[in-house]
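Only one structure is covered here, and it is reproduced in the block below.
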Amino acid sequence: RVSGATVTFNNVSSTMSGGNQFEVASGTVSGTNVFAGAGTFAWSGGTIAATISLQSNIALNITGATGKALGNSAYLRSAGPGSWSGSGTVSCGAGSVLENDNIFTAQNDATFAGYTGGVGTFVNNGTFRKTTATGSTVFQQELGGGSIAFNNNGTVDLRTGSLAINGGYTLSGSPQLKLVLGGVNPGTQFSQETFAGAATLGGILSVTLTNGFMPTNGQSFALATYPSSTGQFSSTQFPPLPVISKWQLTYNPTSLVLQV
């Protein structure tokens, strides 16, 4: 457990076993390290100023109300399952990268924020999933000039609330956006994306129904809001409706609306 000290890794591999946990609670971790075996890498505070690779049986747990920082040019790659809970902001320095290659589950309405005037990046090569919380999980551009970009090469699966992308947004590979409808109120009853800048739309759009909800004629859902947008989804997957109804997807100047 790192608590108030500085730990420097010397380009080695640490093998965990028996459900062991390595925690960064405060202080700083630097250097280069690979975590192998099976266990948990917990991040509840402090600064990661290192290049760290977590192999597929190492879980990444970002927790707590304390703010935490990914330092300039730091790289945290997670090939195992990840989770993010608690209200603490994750501040990302210039050139920093947090890479998800598995399923990363946000269970909160907290913020990834840029700092030091540069651009940090969240790279999603697997599935970014939001559950539990019904507010906004935010990738923020700070007034001081720092920002956090969201690069989606996989699936964004919003089962609750909204994902607010206020920094850059890039699509590549075979991206997919999954949303759920459980009522007519955004966030609390249906999930959505919001963009502070231009939205890039593309890949597969998949919408499912939840909580026994069946929309009726005339109801509409703003699946995404933005000041402007480019692109369209290459394919869509919508749930069946009664025979007298059909889905209509409209690309408006400032919103993507699904209507019955």
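- One finds the CD atom of Gln232 at 8.0 Å from the CG atom of Leu249 (value rounded to the nearest 0.5 Å).
- Contact check for Asn166 versus Phe139: no side-chain heavy atoms found under the 4.5 Å cut-off.
- Rounded to the nearest 0.5 Å, atoms CG (Asp101) and CD (Gln55) are 11.5 Å apart.
- Side chain of Asn72 to main chain of Gly95: no donor-acceptor pair is present (N/O by atom type, distance under 3.5 Å, no hydrogens or angles).
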Do Thr194 and Ile165 pass the side chain to side chain contact (heavy atoms under 4.5 Å, CB included) test, and can you show the C-alpha distance, the side-chain angles, and the key distance before you say yes or no? CA-CA 6 Å; Thr194 65; Ile165 299 173; over 6 Å; no
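- Under a hydrophobic clustering in which Ile, Leu, Val, Met, Phe, Trp and Tyr are joined whenever their side-chain heavy atoms come within less than 4.5 Å, directly or via other members, Leu163 and Leu223 fall into the same cluster.
- Using a distance-only test at 3.5 Å, with no hydrogens or angles considered, a donor-acceptor pair links the side chain of Ser26 to the main chain of Gly4.
- Pairing each heavy atom of Pro239 with each of Leu209, the nearest pair is CG-CG, 3.6 Å.
- Looking only at side-chain heavy atoms (C-beta outward), Thr137 and Phe112 stay at 4.5 Å or farther from each other.
- Note: the hydrophobic cluster containing Leu256 also contains Leu171 (ILVMFWY, side chain heavy atoms under 4.5 Å, direct or indirect links).
- Two different hydrophobic clusters hold Val123 and Leu98 under the rule that ILVMFWY side chains link at heavy-atom gaps under 4.5 Å.
- A donor-acceptor contact closer than 3.5 angstrom is absent between the side chains of Asn151 and Thr121.
- With hydrogens and angles ignored, the 3.5 Å screen pairs a side-chain donor or acceptor of Lys68 with a backbone N or O of Thr66.
- A salt bridge links Arg129 to Asp157: at least one charged side-chain nitrogen sits closer than 4.0 Å to a carboxylate oxygen.
- The backbone N or O of Ser87 sits nowhere less than 3.5 Å from a side-chain atom of Asn108 that would complete a donor-acceptor pair.
- Here Phe122 and Phe128 bring their ring centres to under 6.0 angstrom of each other.
- Considering every non-hydrogen atom in both Ser53 and Arg77, the closest pair reads OG-NH1, 3.3 Å.
- Panel note: side chain Gln259, backbone Gln248; no donor-acceptor pair is recorded below 3.5 Å.
- Phe150 is not listed as a side-chain neighbour of Thr170, based on a closest heavy-atom distance of 4.5 Å or more.
- Nearest heavy-atom pair, Ser191 versus Leu158, reported as atom, atom and distance to 0.1 Å: OG-O, 2.7 Å.
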Determine, stepwise, if the pair Asn125 / Asn100 fulfils side chain to side chain contact (heavy atoms under 4.5 Å, CB included). CA-CA 6 Å; Asn125 293 327; Asn100 168 53; over 6 Å; no
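- Of the possible polar contacts, one joining the Trp43 side chain to the Gly45 backbone as a donor-acceptor pair under 3.5 Å is found.
- Ring geometry for Phe35 versus Phe22: interplanar angle of 30 to 60°, hence tilted.
- Nearest heavy-atom pair, Leu181 versus Phe213, reported as atom, atom and distance to 0.1 Å: O-CD2, 3.7 Å.
- Between Gln140 and Thr111, the closest side-chain pair of non-hydrogen atoms falls below 4.5 Å.
- Side-chain atoms of Asn153 do not come within 3.5 Å of backbone N or O of Gly173 as any donor-acceptor pair.
- Taking every heavy atom of both residues into account, Ser44 and Ala25 meet most closely at OG-CA, 3.4 Å.
- There is no side-chain donor-acceptor pair under 3.5 Å between Glu193 and Ser162.
- Two residues are said to be in side-chain contact when any heavy atoms from C-beta on lie closer than 4.5 Å; Leu205 and Phe238 meet this criterion.
- Between Val97 and Tyr75, the closest side-chain pair of non-hydrogen atoms falls below 4.5 Å.
- Put simply, the side chain of Thr160 gets close to the backbone of Ala133: a donor and an acceptor are under 3.5 Å apart.
- In the hydrophobic clustering of this structure, Phe221 does not group with Val180; members are Ile, Leu, Val, Met, Phe, Trp, Tyr whose side-chain heavy atoms approach within less than 4.5 Å, directly or through other members.
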Verify side chain to side chain contact (heavy atoms under 4.5 Å, CB included) between Trp247 and Val260, making sure each step is shown before the conclusion. CA-CA 5 Å; Trp247 295 107; Val260 178; 3.5 Å; yes
Verdict with supporting geometry, Val207 and Gln237, side chain to side chain contact (heavy atoms under 4.5 Å, CB included): CA-CA 6 Å; Val207 176; Gln237 301 169 354; over 6 Å; no
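- Looking only at atom types and distance, the side chain of Asn33 has a donor-acceptor partner in the side chain of Ser14 under 3.5 Å away.
- If you take OG1 on Thr208 and NZ on Lys178, they are separated by 8.5 Å, rounding to the nearest 0.5 Å.
- Counting only heavy atoms from C-beta outward, the side chains of Phe104 and Ser83 never approach each other to under 4.5 Å.
- When atom types are taken as modelled, the side chain of Asn152 and the backbone of Gly154 share a donor-acceptor pair closer than 3.5 angstrom.
- Between atom CG of residue Asn20 and atom OG1 of residue Thr40 there is a gap of 9.0 Å, rounded to the nearest 0.5 Å.
- No side-chain N or O of Thr28 forms a donor-acceptor pair with one of Thr6 less than 3.5 Å apart.
- For Asp109 (side chain) and Gly135 (main-chain N/O), a donor-acceptor pair under 3.5 Å exists by modelled atom type.
- A side-chain donor-acceptor contact under 3.5 Å links Asn217 and Ser245.
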Hey, mind stepping through Gln192 and Thr225 against side chain to side chain donor-acceptor pair (under 3.5 Å) and telling me if it holds? CA-CA 8 Å; Gln192 65 173 184; Thr225 62; 5.3 Å; no
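- Under a hydrophobic-cluster definition in which Ile, Leu, Val, Met, Phe, Trp and Tyr are linked whenever side-chain heavy atoms come within less than 4.5 Å, directly or via other members, Leu201 and Leu258 are assigned to the same cluster.
- Side-chain atoms of Ile48 and Phe41, non-hydrogen and from C-beta on, do get closer than 4.5 Å to each other.
- Contact detail for Thr89 and Ala113: the closest heavy-atom pair is CG2-CB, 4.0 Å.
- Put simply, OH on Tyr169 and OG1 on Thr200 are 8.0 Å apart, with the number rounded to the nearest 0.5 Å.
- Residue Ile204 holds its CD1 atom at 6.0 Å from OG of Ser234, rounded to the nearest 0.5 Å.
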